[in-house]
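Inspection log for the structure reproduced underneath, given as structure tokens.
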Amino acid sequence: MAKESCTLCQGTGLRFGRGVNSAPCSCVFRAIFRACYRKFRYLAQQEKHISRVRMEPVVRGRDRSYSWGMKDEEYMADFLLVSRRSLDEKEYQLFRFHFLLGADWKLCCARLKMDRGDFFHEVYRIQRKLGRVYRELKPYALFPLDEYFGGSVRKDLPKRSPTVIEMPVLRRRKRLMPPIKKVA
């Protein structure tokens, strides 16, 4: 996913800090955002009657059940809601004009009263921020796309990050049983 011409990571995808630790490069997060955005646009341009309902296995410990869902619509809703939650008001306004409504840089600069350089710096910042969030979202990340749409699941994410938004995990309720009286 790393850009070969990146001056920070030289195409490796990792930036090395002052210490021994390495961190993913910004070009990787921007590529993740572009892949998720490309999928969002593809799904948004499909005709509405093409979408289909899928049955997915749900495993909770020993219990195994099935759940019905419309993955295409769920992905689009997750893309929009996660973007809205992780961006502040100014960033979301630019995200909405440029990425969702499709305005070019000239219209966005006129509408938001910013110059061209600031516009593109802000777009790159938004792409980097959302790319990280899409990758590190828990319990179900939006990237990699094959995992989201039912492929294999990898468990190689870092333990904690201050930018990770954790979605609440639905816990199964215990069934309440009425007291049973013994009959003689």
Side-chain angles (χ1 to χ4, degrees), residues 1-45 71-72 74-109 112 114-169:
M1 303 267 339
K3 187 177 179 182
E4 290 181 21
S5 62
C6 180
T7 58
L8 297 174
C9 69
Q10 284 80 34
T12 62
L14 292 175
R15 280 185 16 204
F16 296 99
R18 291 192 173 111
V20 180
N21 296 337
S22 61
C25 185
S26 299
C27 67
V28 174
F29 291 131
R30 288 195 306 267
I32 289 171
F33 171 80
R34 286 192 299 270
C36 293
Y37 179 62
R38 190 177 316 117
K39 183 67 172 181
F40 173 79
R41 290 204 35 169
Y42 170 76
L43 294 174
Q45 291 173 353
K71 276 298 202 184
D72 297 347
E74 290 171 10
Y75 180 82
M76 291 191 299
D78 288 343
F79 182 88
L80 292 173
L81 291 174
V82 167
S83 300
R84 178 74 177 127
R85 288 182 190 138
S86 57
L87 297 175
D88 63 17
E89 191 60 40
K90 183 182 172 193
E91 290 172 335
Y92 184 73
Q93 193 174 21
L94 177 63
F95 174 79
R96 193 180 63 153
F97 287 146
H98 185 64
F99 292 106
L100 299 181
L101 299 176
D104 65 344
W105 68 270
K106 292 177 186 176
L107 286 173
C108 289
C109 288
L112 300 174
M114 59 185 351
D115 64 352
R116 180 181 174 191
D118 290 340
F119 169 78
F120 284 107
H121 283 292
E122 193 67 28
V123 166
Y124 293 151
R125 215 172 291 124
I126 289 170
Q127 289 177 345
R128 182 181 65 232
K129 187 175 187 179
L130 290 178
R132 177 183 286 270
V133 171
Y134 295 158
R135 176 65 180 112
E136 295 177 351
L137 186 69
K138 290 186 179 181
Y140 303 107
L142 294 180
F143 185 86
L145 295 170
D146 61 339
E147 288 181 18
Y148 188 89
F149 287 98
S152 62
V153 178
R154 297 181 198 106
K155 302 283 184 184
D156 59 350
L157 287 178
K159 299 290 185 226
R160 279 276 180 199
S161 175
T163 59
V164 172
I165 300 174
E166 292 196 21
M167 296 176 67
V169 178

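Everything numeric here is computed off the predicted structure, so don't read it as measured data.
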>> side chain to side chain contact (heavy atoms under 4.5 Å, CB included), that's the test. Do Val123 and Trp105 meet it? Break it down for me.
In response: CA-CA 10 Å; Val123 166; Trp105 68 270; over 6 Å; no

>> I need the Gln45 CD to Phe40 CZ distance, nearest 0.5 Å.
In response: 10.0 Å

> Is any side-chain heavy atom of Phe119 less than 4.5 Å from a side-chain heavy atom of Leu112?
Replying inline: no

> Side chains of Leu107 and Asp104: closer than 4.5 Å at any heavy-atom pair?
Replying inline: yes

> Is there a side-chain contact between Lys39 and Cys36 (heavy atoms, below 4.5 Å)?
Replying inline: no

> Under 4.0 Å between a Lys/Arg side-chain N and an Asp/Glu carboxylate O for Arg96 and Glu91?
Replying inline: no

> Got a salt bridge between Lys90 and Glu122, using NZ or NE/NH1/NH2 to carboxylate O under 4.0 Å?
Replying inline: no

>> With a sphere of 6.0 Å drawn around CZ of Arg41, does it hold more than 12 non-hydrogen atoms of other residues, nucleotides or ligands?
In response: no

> Within the side chain of Lys129, is there an N or O that forms a donor-acceptor pair under 3.5 Å with the backbone of Leu87?
Replying inline: no

> What's the spacing between Cys27 SG and Gln127 CD if we round to 0.5 Å?
Replying inline: 12.0 Å

> Can you list the steps and then say if Tyr92 with Leu100 is a side chain to side chain contact (heavy atoms under 4.5 Å, CB included)?
Replying inline: CA-CA 10 Å; Tyr92 184 73; Leu100 299 181; 4.1 Å; yes

> How long is the span from the OH atom in Tyr37 to the OH atom in Tyr134, to the nearest 0.5 Å?
Replying inline: 10.0 Å

>> Side chains of Phe79 and Leu43, heavy atoms from C-beta outward: is any pair under 4.5 Å?
In response: no

> Looking at CG of Leu142 and OG of Ser83, how far apart are the two atoms once the value is rounded to the nearest 0.5 Å?
Replying inline: 8.0 Å

>> Looking at every non-hydrogen atom in both residues, tell me the closest pair between Ser26 and Arg128 and how far apart they are.
In response: OG-CD, 3.0 Å

>> Over 60° means perpendicular and under 30° means parallel, so tell me whether Phe120 and Tyr124 are parallel, tilted or perpendicular.
In response: tilted

> Any idea which heavy atoms bring Pro144 and Arg135 closest together, and the distance?
Replying inline: CD-NH1, 3.7 Å

> Shortest non-hydrogen contact from Gly131 to Ile32?
Replying inline: O-CG2, 3.5 Å

> To the nearest 0.5 Å, how far apart are OH in Tyr75 and CG in Leu80?
Replying inline: 10.0 Å

> Are Phe143 and Phe33 close enough that their ring centres sit under 6.0 Å apart?
Replying inline: no

> To the nearest 0.5 Å, how far apart are SG in Cys108 and CZ in Phe99?
Replying inline: 9.0 Å

